[in-house]
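This is a predicted model, so every value here is computed, not measured. Heavy-atom basis, side chains included; hydrogens, waters and symmetry copies ignored.
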Amino acid sequence: MEKTFWTLGVLLISLVPCTYSDFQSRKGTSKRVIRAVDNGDANDGKRCGYTFLVPQQKITGPICVSTKGPGPNKNQVTRMDLENLKDALGKQRRDMETLQVVVDVDGNIVNEVKLLRKESRNMNSRVTQLYMQLLHEIIRKRDNSLEIAHLENKILNVTAEMLRAATRYKELEVKYASLVDLVNNQSAIISLLEEQCMRVFSRRDPHGSPPLVQVVPQHIPNIQQYTPGLGVGNEIQRDTGYPRVRDSRQPPQAPAPTISPFRVPPVTIIDEGPFRDCKHAKESGFSSSGIYLIKPQNANSHMQLWCENGLDPGGWTVIQKRIDGSANFFRNWETYKKGFGNIDSEYWLGLENIYQLTNQDNYKLLIELEDWNNKKVYAEYSSIRLEPETDYYRLRLGTYQGNAGDSMVFHNGKQFTTLDRDRDMYTGNCAHFHKGGWWYNACAHANLNGVWYRGGLYRSKHQDGIYWAEYRGGSYSLKTVQMMIRPID
């Protein structure tokens, strides 16, 4: 028994130095007391030995010796754990740095993506704008194409109309030539009839032809200057050196046309209306001179006439115009009643039309006269009115003013006479002697519907030219004449 105990003690002593150091390293809470040693022991490098005396115990069972040492403490942190933790932290730091780099790269990519999206939106807006511009351009070109096609069709229609008008013009030329031949034949017949009438009349009337008016007027009234459009340089003064001997040349057989001072090409035709008169048309906003459609208040039909707006204040209705001798004014009653001629050239508006106009309002009369020296004078009457046809369109004029002299006072209150309606105060027919229709007395101091002679002075037995006795006398045929009416303001 004692041998067994001592054997066990020796084994314990031999195991203590080997397990003590491991036990102290693993036990974190135990304290190790180091005993002081002197320098001699320290220099020797010898270690101390420990001897444990185990009290004697009574062993009743088997003795188990553990060679593995004590079990690990879960709450104890070792150096290896710290190293492992440092490695893990270093790895995590490296991963975080890697992730930071990735995040930075991804952030740049995100910013670039945002910029690309913004540029994409701007590009989409620009593309949309360009698309709309392209669409508008396509629509505009399509509209231009349609407009060009429309204009081409219009040009084709106008060309066709011009061809038709040219064909019609040729037909009219042929008809005009035939009418000229007819007029010449009629003129010859009229001349023959006139000679017969004169022979018959000379046997019946001991007085012969009507008295001739003076060749040169004895007095030209000196009155106030005309304001509606006639310049000071065009006023005519009396020419004291005017020849008193008549020109011996014969009147031309077929007077050639001259340039009209009243015509302003191209002719303006107003499709609006009808208006009451030219003043009404001007007040409606039409200020151009040209052909207008007029319908007086009590008239049953409308008429076309020339409205002259070039003379201040405008709104003048032209009832008679003589400029180039293109119209024959030796007509019968019915023709003078309805009117004749070309509106943009020579024409007579018609007695019935003048009657309808002058009886719808109070009108004044303006007569412009121009000689062959391009000098203009005028005669203006404060009122004009015609009586109805039952009174043979008797003329009623107001007071005179102007610088041409008052030649119409001799005709005021007289009825209208034509070659087939003799209503003058002479024993014969003044229309036969003066080759026109007029408000003749016995016979005329003004013959504005006579024969248009070129050159001024003419030689005729009965003074049948276009003359104004108080200006240039009865043997001077005027170049242009224009009679106009306008409502009194």
Is any side-chain heavy atom of Y363 less than 4.5 Å from a side-chain heavy atom of R385?
no
Over 60° means perpendicular and under 30° means parallel, so classify the ring planes of F329 and F340, tilted if in between.
perpendicular
Nearest heavy-atom pair of I384 and T358: which atoms, and what distance?
O-CB, 3.7 Å
Are side-chain heavy atoms of E352 and K338 found at a separation under 4.5 Å?
no
Minimum heavy-atom distance S289-G310, with the two atoms named
OG-N, 3.4 Å
One should read off an interatomic distance between L386 CG and L397 CG, to the nearest 0.5 angstrom, of 9.0 Å
Counting C-beta onward and ignoring hydrogens, is there a side-chain heavy-atom pair between V174 and E171 closer than 4.5 Å?
no
Taking atom types as modelled and ignoring hydrogens, do the side chains of Q356 and Q360 form a donor-acceptor contact shorter than 3.5 angstrom?
no
Does a side chain donor of either W316 or E368 reach within less than 3.5 Å of an acceptor in the other side chain?
no
Donor-acceptor list for residues 291-302 side chains, cut-off 3.5 Å, not counting sequence neighbours:
residue : atom : partner : partner atom : Å
Y292    : OH   : S288    : O            : 2.6
K295    : NZ   : A299    : O            : 2.9

Determine whether E346 and N342 make a side-chain contact, defined as any pair of heavy atoms from C-beta on separated by less than 4.5 Å.
no
Mind checking the CD1-CE spacing from I354 to M303? Nearest 0.5 Å is all I need.
9.5 Å
Disulfide bond (SG atoms under 2.5 Å apart) contacts touching residues 297-332 (sequence neighbours left out)
C278-C307
Between D361 and R486, is the salt bridge (charged side-chain N to carboxylate O under 4.0 Å, His left out) condition met? List the steps.
CA-CA 9 Å; D361 202 349; R486 187 182 188 276; over 6 Å; no
Would you confirm whether N373, through its side chain, and K375, through its main-chain N or O, come within 3.5 Å as a donor-acceptor pair?
no
For W468, what residues pass the ring-ring contact (aromatic ring centres under 6.0 Å, His included) criterion, not counting sequence neighbours?
none
As an exercise, state the distance from CD1 of I323 to CG of D344, rounded to the nearest 0.5 Å.
8.0 Å
Does any non-hydrogen side-chain atom of Y347 lie less than 4.5 Å from one of V318?
yes
Considering all heavy atoms of both residues, which atom of K435 and which atom of V451 are nearest to each other, and what is their separation?
CB-CG2, 3.6 Å
Candidate pair K479 and N374, rule side-chain hydrogen bond (donor to acceptor under 3.5 Å, both in side chains), full reasoning
CA-CA 8 Å; K479 180 181 179 181; N374 298 325; 3.1 Å; yes
Output for pair (R142 CZ, E137 CD), nearest 0.5 Å, gives 12.5 Å
Would you mind checking if R394 and D391 are paired as a salt bridge, meaning a charged N to carboxylate O distance below 4.0 Å?
yes
Can any side-chain N or O of Y355 pair as donor or acceptor with the backbone N or O of E387 at less than 3.5 Å?
no
Measure from the side-chain N and O atoms of T418 to the backbone N and O of N332, and report whether any donor-acceptor pair falls under 3.5 Å.
no
Here the pair of heavy atoms bringing K282 nearest to N309 is CD-OD1, 3.6 Å
Below 4.0 angstrom, N of the basic side chain to O of the carboxylate: do E380 and K364 qualify?
yes
Applying side chain to side chain contact (heavy atoms under 4.5 Å, CB included), run through L134 and L130 and close with a yes or a no.
CA-CA 6 Å; L134 180 61; L130 292 175; over 6 Å; no
Would you list the pairs meeting side-chain hydrogen bond (donor to acceptor under 3.5 Å, both in side chains) in which at least one residue belongs to residues 90-108, sequence neighbours left out?
Q100-D104
Distance check, rounded to the nearest 0.5 Å: L305 atom CG versus K321 atom NZ?
10.5 Å
Quick one: CG on D87 to CG on L82, what's the gap to the nearest 0.5 Å?
11.0 Å
How far apart are the closest heavy atoms of A404 and V377, and which atoms are they?
CB-CG2, 3.6 Å
Between Y476 and Y471, ring centroids under 6.0 Å
no
Could you check if a side-chain atom of I367 sits within less than 4.5 angstrom of a side-chain atom of Q482, using non-hydrogen atoms only?
no
What heavy-atom pair brings Q320 and V481 nearest, and what distance separates the two atoms?
OE1-CG1, 3.7 Å
Candidate pair W306 and W348, rule ring pair (Phe, Tyr, Trp, His ring centres under 6.0 Å), full reasoning
CA-CA 11 Å; W306 186 274; W348 173 259; over 10 Å; no
Just by modelled atom types, is the L448 backbone N or O under 3.5 Å from a matching donor or acceptor in the R322 side chain?
yes
Test side chain to side chain contact (heavy atoms under 4.5 Å, CB included) on L478 and Y467; report intermediate values, then the result.
CA-CA 6 Å; L478 298 170; Y467 66 84; 5.7 Å; no
Residue pair N362 / S383, side-chain heavy-atom distance below 4.5 Å:
no
Under the criterion side chain to side chain contact (heavy atoms under 4.5 Å, CB included), I'd like the reasoning laid out for T167 against K170: C-alpha separation, chi angles, the key distance, then a yes or no.
CA-CA 5 Å; T167 304; K170 292 181 180 179; 5.8 Å; no
Side-chain donor-acceptor contacts of residues 110-123 below 3.5 Å, not counting sequence neighbours, with atom names and distances?
residue : atom : partner : partner atom : Å
N111    : ND2  : G107    : O            : 3.3
N122    : ND2  : K118    : O            : 3.3

Sorted by chain and residue number, the side-chain hydrogen bond (donor to acceptor under 3.5 Å, both in side chains) partners of Y381 (sequence neighbours excluded) come out as D406
Taking the side chain from H280 and the backbone from R276, do they hold a donor-acceptor pair closer than 3.5 Å?
yes
So W439 and F416, would you call those rings parallel, tilted or perpendicular, with 30° and 60° as cut-offs?
perpendicular
Can W438 and Y336 be said to form a side chain to side chain contact (heavy atoms under 4.5 Å, CB included), step by step?
CA-CA 10 Å; W438 197 248; Y336 265 98; over 6 Å; no
Tell me, do S407 and E470 make a side-chain contact under 4.5 Å, heavy atoms counted?
yes
